[in-house]
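Taking it in order: structure first as structure tokens, then the write-up.
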Amino acid sequence: MAAAIELRDVTCTFVSRDAPQRRYTAVEGVTLTVAEGEFVSVVGPTGCGKSTLLNVTAGLLAPSRGEVRIFGAPLAGINTRAGYMFQADSLMPWRTALGNVMAGLEFRGTPPAEARALAEEWLRRVGLGTFGDRYPHQMSGGMRKRASLAQVLALDPDIILMDEPFSALDIQTRQLMENEVLALWQAKRKAVLFITHDLDEAIAMSDRVVVMSAGPASRPIGEFAIDIPRPRDVAEVKMTPRFLELHAAIWGVLRDEVLKGYQQQLRQAA
Ligand SMILES: Nc1ncnc2c1ncn2[C@@H]1O[C@H](COP(=O)(O)OP(=O)(O)OP(=O)(O)O)[C@@H](O)[C@H]1O
């Protein structure tokens, strides 16, 4: 069976707009797969190209070299089988929660009555059943994240791409959301590519954690299967001996890269 996502030897080089002779290779020779139904997290130091890999998978950015295959077919243009949840809110401020969830469905041509019923159903599933008429500015950060999640899941994508979706939330709301995402994922088993700075979050959520090296020319330098049984409670698994073992092993690979990434940022800022 073809992988849901397959990046083959992907390199992304950016050309500076101000000085076209200046180039920056963000990621180089990245090979990465996510199987159907698998939850894979990518961790790495700041600026190592995690978002770049997600943008390549979403079809928002064409790699300078290499290939992206989605369920075995080469990706050309936008990845229509993927839903994308960003770090920033993706809600339209002039639409209610219900209107926001309906928007993607309507855009895809779902008849209005069906779009409304589906949007209401998804708002219920993410715990916003009675908040459909709220505008984004009338919702808390956690509620906005829930609405964004409903927006993505209502489209029933085969692949879910998440770029630090919960980093702006307080720790309790974050744990609630992580558990909810796991429960929803467990029911539907989509392929998930999850980007995070937070190693605890990556281990608690994933089937596999991929560690990227510091940039430039970042690439995966470690891959760890997370053999902690499911269903998991993200707060509880963090106290298990296996979690601590995995954390120590992955941190052993990640630590030096985080230090290198930090030094590089200091050099760039100087
Ligand atoms: N469009 C672009 N033009 C030029 N450089 C870019 C562009 N997009 C990203 N970069 C550079 O590529 C590198 C990787 O960026 P990216 O956002 O993918 O990293 P990241 O690992 O997601 O970072 P963070 O963890 O801080 O969110 C960075 O050095 C960034 O400045």
Side-chain angles (χ1 to χ4, degrees), residues 5 7-32 34 39-68 75 77-79 82-90 141 145 148 152 159-169 174 178 192-206 208-224 250-251 253-270:
I5 301 170
L7 305 186
R8 285 189 190 170
D9 202 17
V10 163
T11 295
C12 292
T13 299
F14 295 108
V15 179
S16 162
R17 240 185 247 165
D18 310 325
Q21 72 283 5
R22 279 218 323 258
R23 287 165 178 271
Y24 182 83
T25 299
V27 294
E28 186 164 331
V30 174
T31 293
L32 179 74
V34 181
F39 198 123
V40 175
S41 288
V42 175
V43 294
T46 179
C48 74
K50 301 183 290 295
S51 302
T52 300
L53 289 182
L54 219 60
N55 289 337
V56 164
T57 310
L60 297 171
L61 175 71
S64 320
R65 211 188 64 213
E67 194 187 11
V68 183
L75 178 64
I78 295 292
N79 182 351
Y84 201 153
M85 196 167 164
F86 300 90
Q87 191 173 350
D89 284 335
S90 54
K145 280 292 167 212
S148 300
V152 171
I159 295 170
I160 301 172
L161 306 174
M162 294 179 140
D163 194 353
E164 302 196 42
F166 311 129
S167 58
L169 299 178
R174 183 175 180 153
E178 289 165 350
V192 178
L193 185 55
F194 191 90
I195 302 295
T196 179
H197 271 111
D198 182 344
L199 182 53
D200 283 22
E201 181 178 55
I203 300 171
M205 306 274 287
S206 312
R208 197 148 51 86
V209 173
V210 174
V211 181
M212 297 284 290
S213 65
S218 304
R219 63 198 162 75
I221 49 166
E223 206 175 293
F224 297 82
I250 302 173
W251 182 239
V253 176
L254 184 57
R255 182 182 40 221
D256 287 351
E257 302 305 316
V258 170
L259 288 173
K260 274 187 230 163
Y262 182 61
Q263 293 300 339
Q264 207 168 309
Q265 272 200 328
L266 290 180
R267 274 198 298 276
Q268 276 169 359

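Below, all heavy atoms of this structure are taken into account, side chains as well, without hydrogens, waters or symmetry copies. All ligand and atom numbering here is 1-based and tracks the order in the structure.
Looking at every heavy atom in both residues, Cys12 comes nearest to Leu61 through SG-CD2, 4.3 Å.
One distance of note links CZ of Arg255 with CD1 of Ile250; it measures 13.0 Å at 0.5 Å rounding. Between the CG atom of Leu193 and the OH atom of Tyr84 there is a distance of 9.0 Å, given to the nearest 0.5 Å.
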One pair per line, please: each N/O atom of ligand 1 matched with every protein N/O atom under 3.5 Å away, atom names first, then the distance to 0.1 Å.
{"unit_1": "ligand 1", "atom_1": "18 (O)", "unit_2": "Ser51", "atom_2": "N", "d": "3.4"}
{"unit_1": "ligand 1", "atom_1": "18 (O)", "unit_2": "Thr52", "atom_2": "N", "d": "2.8"}
{"unit_1": "ligand 1", "atom_1": "18 (O)", "unit_2": "Thr52", "atom_2": "OG1", "d": "2.5"}
{"unit_1": "ligand 1", "atom_1": "19 (O)", "unit_2": "Gly49", "atom_2": "N", "d": "3.1"}
{"unit_1": "ligand 1", "atom_1": "21 (O)", "unit_2": "Cys48", "atom_2": "N", "d": "3.0"}
{"unit_1": "ligand 1", "atom_1": "21 (O)", "unit_2": "Gly49", "atom_2": "N", "d": "2.9"}
{"unit_1": "ligand 1", "atom_1": "21 (O)", "unit_2": "Lys50", "atom_2": "N", "d": "3.0"}
{"unit_1": "ligand 1", "atom_1": "21 (O)", "unit_2": "Lys50", "atom_2": "NZ", "d": "3.1"}
{"unit_1": "ligand 1", "atom_1": "22 (O)", "unit_2": "Ser51", "atom_2": "N", "d": "2.9"}
{"unit_1": "ligand 1", "atom_1": "22 (O)", "unit_2": "Ser51", "atom_2": "OG", "d": "2.8"}
{"unit_1": "ligand 1", "atom_1": "23 (O)", "unit_2": "Gly47", "atom_2": "N", "d": "3.0"}
{"unit_1": "ligand 1", "atom_1": "25 (O)", "unit_2": "Lys50", "atom_2": "NZ", "d": "2.7"}
{"unit_1": "ligand 1", "atom_1": "25 (O)", "unit_2": "His197", "atom_2": "NE2", "d": "3.0"}
{"unit_1": "ligand 1", "atom_1": "26 (O)", "unit_2": "Thr46", "atom_2": "OG1", "d": "2.7"}
{"unit_1": "ligand 1", "atom_1": "26 (O)", "unit_2": "Gly47", "atom_2": "N", "d": "3.4"}

Arg219 vs Glu28, side-chain contact (heavy atoms from CB on, under 4.5 Å): CA-CA, chis, key distance, verdict: CA-CA 6 Å; Arg219 63 198 162 75; Glu28 186 164 331; 5.8 Å; no

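Atom CZ of Arg23 has 12 or fewer heavy atoms from other residues, nucleotides or ligands within 6.0 Å. Other residues, nucleotides and ligands contribute at most 12 non-hydrogen atoms within 6.0 Å of the OH atom of Tyr262.
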